[in-house]
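One structure below.
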Amino acid sequence: MSGISEDIMKAMTLSQLLDYISVRVNKEKVTGEDYQMNLMLSDTGDKALIQVKNDVLVYRVDVISSEADVTVTMPRKTLEQLALNPTVTPEDVTITGDSGLFDRFVSMLDVFDPGFNIVLP
């Protein structure tokens, strides 16, 4: 459980959803990575170019690149599920290019414990 509801996730713009995903990036798991991924949402027509480089994830909405290493197409609901719980295998995903890059992308996302202590006694 991520601490954020599915209803809130549905109300997010693609940019907000990608911001949420970028917070999950585990620096140790992304160190040394350098690739671009086109993200296409099959049901909404939204698209984004995601770049993983210099230990961070950055993106540009409404942009894709012919030079991207991989293109991933999925329904928005699948992206929302990935954002909520990256340990669940995404469904209805079509990958063109290096499919291993998408697997590495998913594996670099951390799962947070929503019940963590904010202030310790």
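As a basis for the values below, the full set of heavy atoms in this structure was taken, side chains included, without hydrogen atoms, waters or symmetry mates.
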Taking salt bridge (Lys or Arg N to Asp or Glu O under 4.0 Å) as the cut-off, I'd like each qualifying pair that reaches into residues 76-91, sequence neighbours left out, listed once.
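Those involving residues 76-91 are Glu6-Lys77, Arg76-Glu80.
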Enumerate the residue pairs fulfilling salt bridge (Lys or Arg N to Asp or Glu O under 4.0 Å) with a member in residues 39-64, sequence neighbours excluded, ordered by first and then second residue.
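Residue pairs with at least one partner in residues 39-64: Lys27-Asp55.
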Roughly how far, to the nearest 0.5 Å, is [atom2] of [Y] from [atom1] of [X]?
X	Y	atom1	atom2	value
Leu79	Leu14	CG	CG	7.0 Å
Leu109	Asn26	CG	CG	9.0 Å
Leu18	Tyr20	CG	OH	13.0 Å

Can you name the residues that form a salt bridge (Lys or Arg N to Asp or Glu O under 4.0 Å) with Lys10, not counting sequence neighbours?
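For Lys10 there are no salt bridge (Lys or Arg N to Asp or Glu O under 4.0 Å) partners, ignoring immediate neighbours.
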The criterion is salt bridge (Lys or Arg N to Asp or Glu O under 4.0 Å); which residues satisfy it with Asp98, sequence neighbours excluded?
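If we apply the salt bridge (Lys or Arg N to Asp or Glu O under 4.0 Å) test to Asp98, skipping adjacent residues, there are no hits.
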side-chain contact (heavy atoms from CB on, under 4.5 Å), that's the test. Do Leu49 and Tyr59 meet it? Break it down for me.
CA-CA 5 Å; Leu49 177 63; Tyr59 64 88; over 6 Å; no
For [X], side chain to side chain contact (heavy atoms under 4.5 Å, CB included) partners two or more places apart:
X	result
Thr73	Met40, Ser42, Thr71, Thr94
Thr13	Ser15, Gln16
Val58	Gln51, Val56
Asn54	none

All side chain to side chain donor-acceptor pair (under 3.5 Å) counterparts of [X], not counting sequence neighbours:
X	answer
Asp103	none
Gln81	none
Ser66	none
Asp92	none

Restricting to non-hydrogen atoms, name the atom on Lys29 and the atom on Ser107 that form the minimum distance, rounded to 0.1 Å.
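Taking every non-hydrogen atom into account, CD-O, 3.2 Å.
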Looking at every heavy atom in both Pro86 and Arg24, which two are closest together, and how far apart are they?
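Smallest interatomic distance, heavy atoms only, reads CD-NH1, 3.8 Å.
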In the single-linkage hydrophobic clustering (I, L, V, M, F, W, Y; side-chain heavy atoms under 4.5 Å), do [X] and [Y] co-cluster?
X	Y	value
Ile64	Met74	no
Val88	Val106	no
Ile21	Val63	no

Picking from Thr96, Leu39, Leu101, what satisfies side-chain contact (heavy atoms from CB on, under 4.5 Å) with Val70?
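That would be Leu101.
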Which residue is it: Asp19, Val30, Ile50, Val23? I am looking for the one with a side-chain contact (heavy atoms from CB on, under 4.5 Å) to Leu57.
Ile50
For side-chain contact (heavy atoms from CB on, under 4.5 Å), just list the numbers for Glu33 and Arg104, CA-CA rounded to whole Å, side-chain angles, deciding distance to a tenth of an Å, and then say yes or no.
CA-CA 9 Å; Glu33 295 285 353; Arg104 290 196 332 241; 2.7 Å; yes
Run the numbers on Phe105 and Val25 for side-chain contact (heavy atoms from CB on, under 4.5 Å), then give the verdict.
CA-CA 9 Å; Phe105 173 78; Val25 172; over 6 Å; no
Would you say the side-chain atoms of Asn38 pair up with the backbone N or O of Val72, donor to acceptor, closer than 3.5 Å?
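Answer holds: no.
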